Amino acid sequence: MDLRLDATHLELRDSVRAFLREQWREGSSPEKTTAFRAAAVDRGYVYRSIPREFGGAGREPDPVAEDVIQTEFAAAGAPLGLVGEGPDMLAPTLLHHGTDEQRREFIAATLSGDITWCQGYSEPGAGSDLASLTSRAELDGDEWVITGQKIWTSSAHIADWMFALIRTEPDQPRHRGISYLLIPMDQPGVEVRPLKQITGGDEFNQVFLDEARTHVRYTVGERGAGWGISRTTLAHERALIGNPRKALQQFQDLLELARRVDRGGRPAIESADVRQRLLDIEGYLLSQKYTRYRILSAANTNDEQSVEVPMLVSKLHTTEIGKKIVRLAYDLLGADESLRTPDPQFALFGGADRPGGWSAKYLFSHGSALGGGAPNIQRNVIGERALGLPRDIRGSRKP
């Protein structure tokens, strides 16, 4: 990819800057933010590759244009699309595998925030080994009747719908016979229980399904073919977790902290050991930047085979970079921060300068690496699919 901006992209950059000057104000109300985002979609800046009929901008794929837009929005502190399981994971999955009816019913409403989603993948006995899932569904006329349990279900307590992997063909091998179902949460037979986290937050949940129901038309793809469809969702989940922009913002917060903290009567950023650690982190961030270009190129040509390994690398490295950032921040703040009560609302985004902000980020970083697959699983997949290494030796499975 030629990363130099040509005249078209320079013109795009200038138009985005003008749009942001005219339309965006920091601290806008939720209503104004929604109106701003709608205007950004209309101009082709947000949800670019999603067709207009499904709430997107309907523009041709252009990774350089997307990078220009994202860079300018980040510099202005302006929001792009909504972030979450629905916009970032389900919507692209439905574009690839859903029926026209499913796309019309869900994508636009998901992108606007009118419908919120949670992901029903992990179970108490099926985490990294997801194919071991035991939640099951049986047909009763034109409805699936679902029984089982999901765990670590982000946002289940506020979600309208769940997209879930459910075993529908119990006589088939493990990776077959799993269907990808869309399940309404507001119904008898669905119970959500929060899980208290080390940060003090509780956005993760257990979900118990006791003869919950969903119509057969909410089966995505063929029944029993959900495992293959889930790889599309997982790839986009890893892209969401591995997006380097969150780490870049935290790095900027870290630089400000290093300038502010006193070490021996001088700003900490002037210390050789601190500067070396900052340079180490920045090197990883730059490598992430160029990995992201590869992901954008492959994703915009619907080349899932070429995008999977870069996404795995990006997800793995971004979470490791995040750990490096918060560890250095914690070292700079010392005992003062370790004694603060973590503020869970700042575990993911912003709030680094708030009391308990860095503490929450530090605690959350140890668990965030597990989302979308534990690091050892990511390394195995990279080794097998990218480097051609043999699979791990695995013991015999129980019948």
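What you see below is based on every heavy atom in this structure, not just the backbone, and it leaves out hydrogens, waters and symmetry mates. As the structure is a computational prediction, the values presented were derived from the model and not from experiment.
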Honestly curious: do Leu182 and Ile158 fall in one hydrophobic cluster under the side-chain, below-4.5 Å linking rule? no
Chi angles and distances behind the side-chain contact (heavy atoms from CB on, under 4.5 Å) call for Asp62, His9: CA-CA 10 Å; Asp62 185 340; His9 293 114; 2.9 Å; yes
Check the hydrophobic clustering (I, L, V, M, F, W, Y; side-chain heavy atoms under 4.5 Å; chains of links allowed) and say if Ile269 and Leu285 are grouped together. yes
In Å, rounded to the nearest 0.5 Å, how long is the span from CG of Asp129 to CD of Glu123? 11.0 Å
Are more than 12 heavy atoms from other residues, nucleotides or ligands located less than 6.0 Å from atom CZ of Arg176? no
Enclosure of Glu138 CD (heavy-atom neighbours >12, cutoff 6.0 Å): no
Heavy-atom count around Gln187 CD within 6.0 Å, excluding the residue itself: above 12? yes
Can you tell me how far apart CG (Leu90) and CZ (Phe163) are? Round to the nearest 0.5 Å. 5.5 Å
So how far is it from Leu328 CG to Asp280 CG, rounded to the nearest 0.5 Å? 10.0 Å
Where Ser154 and Glu85 come nearest, the two heavy atoms and their spacing: CB-OE2, 3.0 Å
Could you tell me whether Glu211 atom CD has more than 12 heavy atoms of other residues or ligands within 6.0 Å of it? no
Hydrophobic cluster mates of Val216, side-chain heavy atoms under 4.5 angstrom, ILVMFWY only, any path? Leu139, Trp144, Ile146, Met162, Ile166, Leu181, Ile183, Met185, Val190, Val192, Val207, Leu209
Would you sort out whether Asp253 and Lys361 count as a salt bridge (charged side-chain N to carboxylate O under 4.0 Å, His left out), showing the intermediate values? CA-CA 12 Å; Asp253 293 337; Lys361 293 180 189 302; 5.9 Å; no
Ignoring hydrogens and geometry, is there a side-chain-to-backbone donor-acceptor pair from Arg43 to Ala39 under 3.5 Å? no
With a 4.5 Å cut-off on side-chain heavy-atom distances among I, L, V, M, F, W and Y, is there a chain of contacts connecting Val274 to Tyr330? yes
Using only atom types and a distance under 3.5 Å, with no angle test, would you say the side chain of Arg52 pairs donor to acceptor with the backbone of Asp42? yes
Strictly distance-based, threshold 3.5 Å: is any side-chain N or O of Lys150 a donor or acceptor partner for the main-chain N or O of Gln119? no
Chi angles and distances behind the side-chain contact (heavy atoms from CB on, under 4.5 Å) call for Tyr121, Leu133: CA-CA 8 Å; Tyr121 274 25; Leu133 65 88; over 6 Å; no
Audit row: Tyr218, Phe106, ring-ring contact (aromatic ring centres under 6.0 Å, His included) steps and yes/no: CA-CA 11 Å; Tyr218 295 134; Phe106 291 118; 5.6 Å; yes
Would Leu257 and Trp358 satisfy side-chain contact (heavy atoms from CB on, under 4.5 Å), going step by step from the backbone distance to the final call? CA-CA 10 Å; Leu257 179 66; Trp358 280 115; 3.8 Å; yes
To the nearest 0.5 Å, atom CZ of Phe204 lies from atom NE2 of His157 at 10.5 Å
Side-chain H-bond candidate by donor/acceptor type, Tyr47 with Ser112, under 3.5 Å: no
Could you tell me whether a side-chain N or O of Arg167 sits under 3.5 Å from a main-chain N or O of Ala131, the two making a donor and an acceptor? yes
What residues form a salt bridge (charged side-chain N to carboxylate O under 4.0 Å, His left out) with Glu11, not counting sequence neighbours? none
Counting only heavy atoms not in Asp186, do more than 12 fall under 6.0 Å of its CG? no
Within 6.0 angstrom of Glu191 CD, more than 12 heavy atoms from elsewhere: yes
Quick one: does Glu143's side chain have a donor or acceptor within less than 3.5 Å of a partner on Asp140's backbone? no
Tell me, with the steps shown, if Glu105 and Ile115 meet side-chain contact (heavy atoms from CB on, under 4.5 Å). CA-CA 10 Å; Glu105 182 172 356; Ile115 295 178; 5.7 Å; no
How long is the gap from CG on Leu248 to CD1 on Ile281, to the nearest 0.5 Å? 11.5 Å
Kindly say whether Gln149 contributes a backbone atom to a donor-acceptor pair with the side chain of Ser135 at under 3.5 angstrom? yes
Taking the side chain from Arg217 and the backbone from Gln102, do they hold a donor-acceptor pair closer than 3.5 Å? no
Sub-3.5 Å donor-acceptor pair from the side chain of Asn205 to the main-chain atoms of Glu203, do we have one? yes
Heavy atoms of other groups near Phe208 CZ, more than 12 under 6.0 Å: yes
Quick check against the 3.5 Å criterion: does Lys196 have a side-chain atom that pairs as donor or acceptor with the backbone of Asp202? no
Which atoms form the tightest heavy-atom contact between Glu72 and Val16, and what is the distance? CB-CG1, 3.6 Å
Are Leu278 and Leu333 grouped together when hydrophobic residues (ILVMFWY) are joined by side-chain heavy atoms under 4.5 angstrom apart? yes
If two hydrophobic side chains count as joined below 4.5 Å and joins carry through other members, does Val83 share a cluster with Trp161? yes
Phe54 backbone acceptor or donor facing Arg103 side chain under 3.5 Å: no
Would you check if there is a donor-acceptor pair between the side chains of Ser179 and Thr219 at a distance under 3.5 Å? no
Distance in Å, His97 NE2 paired with Tyr180 OH, rounded so as to fall on 0.5 Å steps: 8.5 Å
